[in-house]
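Report on the following structure.
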Amino acid sequence: MSQQLSEQELVRRESLKKLRDLGINPYPQALYPVNALSKDIKANYEEGKKVIIAGRLMSRRIQGKASFAELQDSEGRIQVYFNRDEICPGDDSTLYNEVYKKLLDIGDFVGIEGVLFKTQVGEISVRVTNFSLLSKSLKPLPLPKTDSEGKVHDAFTDPEQRYRQRYADLVVNPHVKDVFVKRTRLFNAMREFFNTRGYMEVETPVLQPIPGGAAARPFVTHHNALDIPLYMRIANELYLKRLIVGGFEGVYEFSKNFRNEGMDRTHNPEFTAMEIYVAYKDYHWMMEFTEQLLEHCALAVNGTTKATFDGKEIDFKAPYNRVTMRQSIIDFTGFDIAGKSEEELKSWCIQNGIEVDDTMGKGKLIDEIFGEKCEGNYIQPTFIIDYPKEMSPLCKEHRDDPSLTERFELMVCGKEIANAYTELNDPIDQKERFEHQLELAQKGDVEATEFIDYDFLRALEYGMPPTSGLGIGIDRLVMFLTNNPSIQEVLFFPQMKPEKQGLILSDAEKTILDIVKSKSKIDLSELKNAAGLSGKQWDKGMKGLNKNGLIRVEMEGDQKYCVLQD
RNA sequence: GACUUGGUAGCUCAGCUGGUAGAGCAUAUCACUUUUAAUGAUAGGGUCCUGGGUUCGAGCCCCAGCCAGGUCACCA
């Protein structure tokens, strides 16, 4: 398969060949004995120190027999100084004039042995005594430039290209790389927080026969040997609880979840949640645990508990406010939901411009009111507690009010980032709740869960200790901690529609097509002669063109003609 | 799903009421031994997202589609 190469790509391929002709392997096998990183060199500068560094060549300023370049490694960039007489002590200046000046390009990986010094303008640099090509780059990178005032020109900003070619994005946009460094720091901080408390990181199935633990549309796949459908997990909650049944007293998992729903600025088909379950605790304990966890994480990621998101400063310093859902609705609307019937709630909604429909029960109506009138107002981290029972099928009934559950959600900047319960461990109650969900689903509530996980119920029948569980949307938390309003910015490879493949023709196909184009209809054997291709190439070319619907072979009596298709 | 903005050179972006397609950087050639958005000179480089239509003539106008961003709706 051939592809259209740009002028610059052709030049680089030509350089590749010339390097080989000079006996230089552009993709050498041997390890390169790197012993220094750009960042450390700058931090612990020692005049005259010998170093061996490696990285990508990212800029060059050639001035005749001397040249400055920038080498970029995992930690940043450092200036390197190439001097012809230094590199080529004898008469043969090929290494400098040809290899360095002409055959190397921006983007190439090179290894450099050199000596540290400061230039006349005071920039820490490496005087190159020897260099070797480590890997040739054949495709020109986008090339943002930073001027003396720190302003970036020609920045690589097109989101489509950046997401589709994240590798290029990461090479040229250090601030993008930084987001992912912070993302990993967050994972590490959480693990450390849990591990020091004795909780255990576990793994549970991604392929599940019953997708449980959340209300969401799953991806379905099929296991051939078992000949059964399997679902990609939408949550790991039910599996972690089985482990609590099994005797672990604290388990957590960073869970890749998959939901077959719409995509937008805040939803990717696969996303990461962290769930943790701790035995003998309740949701009050979990609130304290959560605020301490987030304070710890914010500090570990950014060095401060404060973070800016969407122009607002938020502070993850514990403790956070706790507001009941009932009180929240009173605060923002003056309406008290306590003791109200479904009819009363519904008519209030209609009067206040909230859309309702017949599938909505009390819980759903209350949730709508909260979502519409309250949610967006919580900028600083705030626990909203005590949710209606109907919308929390896995959560234990409230100790003081049977219409409520012991549940909290943590709101930040008007968005939910954590959800926690005093977990329901009464197997009979749990079964009834599942059955109720099933009824709702059959009534047409798309949010209700339509599977009953009897194995999970069996586990509960053996007995699960009182337990509190917490789920945190990791991607969302990273968004808050790195001030990114889009989930795509915090995922290395956000899901995208497949790139459109332009029709790519082989050389043989092109040759044949050109001839057919010039005649529009041509005798087949005449065409074959004109193309001058080998039998095999001819056959391949014709088949390819036919398959792509570009040409057609027609019979007129004994004569075969090739016709251009449009 | 609705609305909206965009898709032009390797990258960032211009483009006239519709008349042969432009800049900077990058690339190539030359000059230049401590520069730093290096500099100076010269040159090459384009299926203007795709497909239709209107027109003597379309990058530009019209229609349809593809991809992406944003807003909203839906959804945790």
Side-chain angles (χ1 to χ4, degrees), chain A residues 4-12 14-15 58-70 77-87 93 96 101-102 105-107 117-125 127 137-165 168-169 172-173 213-217 234-235 257 259-267 271 273 355 367-368 371 375 391 409 411 415-419 446-447 471 473 475-476 485-489 494 496-505 566:
Chain A
Q4 210 59 45
L5 294 176
S6 68
E7 182 195 26
Q8 294 190 49
E9 289 171 303
L10 290 170
V11 167
R12 287 184 181 216
E14 190 58 31
S15 300
M58 291 304 285
S59 74
R60 282 201 294 179
R61 295 177 286 279
I62 294 175
Q63 316 165 56
K65 299 176 186 68
S67 168
F68 290 93
E70 280 177 298
R77 292 185 184 186
I78 184 145
Q79 179 167 271
V80 292
Y81 174 67
F82 286 83
N83 183 305
R84 190 195 70 185
D85 299 334
E86 192 105 19
I87 296 164
S93 52
Y96 181 79
K101 272 170 71 176
K102 296 201 174 160
D105 291 288
I106 288 173
F117 77 109
K118 279 189 185 171
T119 62
Q120 286 179 354
V121 266
E123 177 148 351
I124 292 172
S125 309
R127 182 186 293 109
S137 160
L138 293 181
K139 203 170 179 61
L141 284 164
L143 209 88
K145 287 208 163 187
T146 310
D147 67 18
S148 47
E149 289 152 20
K151 242 170 66 183
V152 178
H153 301 257
D154 300 337
F156 184 49
T157 52
D158 176 32
E160 177 168 8
Q161 290 205 72
R162 286 181 46 237
Y163 302 152
R164 286 194 196 280
Q165 303 186 41
D169 189 25
V172 304
N173 286 326
R217 281 177 64 193
I234 55 175
N257 296 337
R259 297 189 180 175
N260 203 343
E261 293 168 347
M263 290 165 58
D264 61 28
R265 206 169 77 266
T266 56
H267 295 85
F271 64 98
E355 281 186 44
D367 188 49
E368 285 294 319
E375 196 173 57
M391 36 181 315
E409 288 194 355
M411 311 299 300
K415 304 246 163 52
E416 170 221 334
I417 62 167
N419 183 15
V446 287
E447 279 187 50
D475 307 300
R476 239 175 228 187
S486 157
I487 195 171
Q488 297 165 106
E489 293 291 350
M496 305 281 278
K497 283 204 185 181
E499 255 178 298
K500 188 179 58 179
Q501 284 278 347
L503 205 51
I504 295 166
L505 299 178
D566 44 13

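Throughout, protein chains are lettered first and strands after them, A, B, ... in sequence-line order, and every chain is numbered starting at 1.
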Side-chain atoms of A/Ala215 come closest, of B/U34, B/G70, B/A76, to B/A76
Partners of A/Glu7 by side chain to side chain contact (heavy atoms under 4.5 Å, CB included), sequence neighbours excluded? none
Report the nucleotide, chosen from B/C75, B/U36, B/G69, that has the shortest atom-to-atom distance to any side-chain atom of A/Tyr163. B/G69
Starting from P on B/U35, measure out to CD on A/Glu123 and report it in whole angstrom. 11 Å
Give the minimum heavy-atom separation between A/Gly262 and A/His267, together with the two atoms involved. O-CB, 3.7 Å
For a quick check of understanding: with a heavy-atom distance under 4.0 Å over all strands, which category does A/Glu355 fall into, base, sugar-phosphate or nothing? nothing
B/U35, B/U71, B/C75: which one has an atom nearest the side-chain heavy atoms of A/Ser125? B/U35
Residues that A/Thr157 engages under side chain to side chain donor-acceptor pair (under 3.5 Å), provided they are two or more places apart: none
Say you pick atom P in B/C63 and the same atom in B/A68; how far apart are they, in whole Å? 23 Å
Euclidean distance, atom CD1 of residue A/Ile487 to atom C1' of B/C75 [Å, nearest integer]: 13 Å
With a non-hydrogen cut-off below 4.0 angstrom, is A/Gln165 in contact with a base, only sugar-phosphate, or nothing? nothing
Can you tell me if A/Arg61 touches the phosphate of B/U39, counting only side-chain N or O atoms and a distance under 4.0 Å to OP1 or OP2? no
How is A/Asn419 classified with respect to the nucleic acid when contacts are heavy atoms under 4.0 Å: base, sugar-phosphate, or nothing? nothing
If you measure from OH on A/Tyr96 to OG on A/Ser67, what distance do you get to the nearest 0.5 Å? 4.5 Å
Atom C1', compared across B/A58 and B/U54: separation rounded to whole Å: 10 Å
When rounded to whole Å, the CD to P distance for the pair A/Glu368 and B/C75 reads 7 Å
Pairs under 3.5 angstrom only: tabulate donor-acceptor contacts from the side chains of residues 142-153 of chain A to other protein residues two or more places apart or in another chain.
| residue | atom | partner | partner atom | Å |
| --- | --- | --- | --- | --- |
| A/Asp147 | OD1 | A/Glu149 | N | 2.9 |
| A/Asp147 | OD1 | A/Gly150 | N | 3.1 |
| A/Asp147 | OD1 | A/Lys151 | N | 2.9 |
| A/Asp147 | OD2 | A/His153 | NE2 | 2.8 |

Suppose we call a contact any N or O donor and acceptor under 3.5 Å apart; does that hold for the side chain of A/Gln63 and the base of B/U35? no
Opposite nucleotide pairing with B/A2, Watson-Crick or G-U, both atom distances under 3.5 Å: B/U71
Could A/Glu123 and A/Lys118 be called an ion pair, given the rule that one side-chain N must be under 4.0 Å from one carboxylate O? no
Considering only atom C1', compute the distance from B/G19 to B/C60 and round it to an integer number of Å. 12 Å
5'-most by nearest nucleotide on RNA chain B - A/Lys497 or A/Glu261: A/Lys497
Between B/A68 and A/Gln161, is there an OP1 or OP2 to side-chain N/O distance shorter than 4.0 Å? no
Choose from B/C75, B/U36, B/A68 the nucleotide whose nearest atom is closest to any side-chain atom of A/Thr119. B/U36
Counting primed atoms, P, OP1 and OP2 as sugar-phosphate and everything else as base, the B/S/- map of nucleotides 23-31 of chain B against protein heavy atoms under 4.0 Å is -BSBSSSS-
Charged N to carboxylate O below 4.0 Å: is that the case for A/Glu261 and A/Arg217? no
In this structure, how many angstroms lie between the C1' atom of B/U36 and the NE2 atom of A/His153, rounded? 13 Å
What contact category does A/Val121 fall into here, base, sugar-phosphate, or nothing, at under 4.0 angstrom with non-hydrogen atoms? base
What nucleotide, of B/C11, B/A68, B/A37, holds the atom closest to the side chain of A/Ser148? B/A37
Can you list the residues that meet the side chain to side chain contact (heavy atoms under 4.5 Å, CB included) rule with A/Asp105, with sequence neighbours excluded? A/Arg12, A/Ser15, A/Asp108, A/Lys136
Taken to the nearest whole Å, CZ/A/Arg84 to C1'/B/U34 is 16 Å
Could you tell me how far B/G22 sits from B/G45 if I compare only their P atoms? Round to whole Å. 13 Å
Nucleotide of B/C32, B/C11, B/U36 approaching A/Pro142 most closely (side-chain heavy atoms): B/C11
Would the base of B/U35 count as contacting A/Gln79 through its side chain, where contact means a donor and an acceptor less than 3.5 Å apart? yes
Tell me the interatomic distance from A/Leu5, atom CG, to B/U47, atom P, rounded to whole angstroms. 13 Å
Nearest whole Å is fine: how far is B/G69 P from A/Phe156 CZ? 14 Å
Atom-to-atom span, NZ of A/Lys118 to P of B/U35 - whole angstrom: 16 Å
Using the P atoms only, state how far B/U12 lies from B/U17, rounded to an integer number of Å. 27 Å
Go through B/A68, B/A76, B/U34 for me and flag the one nearest to the A/Phe68 side chain. B/U34
Touch check for A/Arg77, heavy atoms < 4.0 angstrom, all strands: base, sugar-phosphate only, or nothing? nothing
Are side-chain N/O atoms of A/Glu489 and A/Ser486 paired as donor and acceptor at under 3.5 Å? no
Looking only at atom P, what distance separates B/G69 and B/C13, rounded to whole Å? 16 Å
Hey, which of these two, A/Thr157 or A/Glu416, hits RNA chain B nearer its 5' end, going by closest nucleotide? A/Thr157
Not counting sequence neighbours, which residues clear side chain to side chain contact (heavy atoms under 4.5 Å, CB included) with A/Ser93? List them please. A/Arg84, A/Cys88, A/Asn97
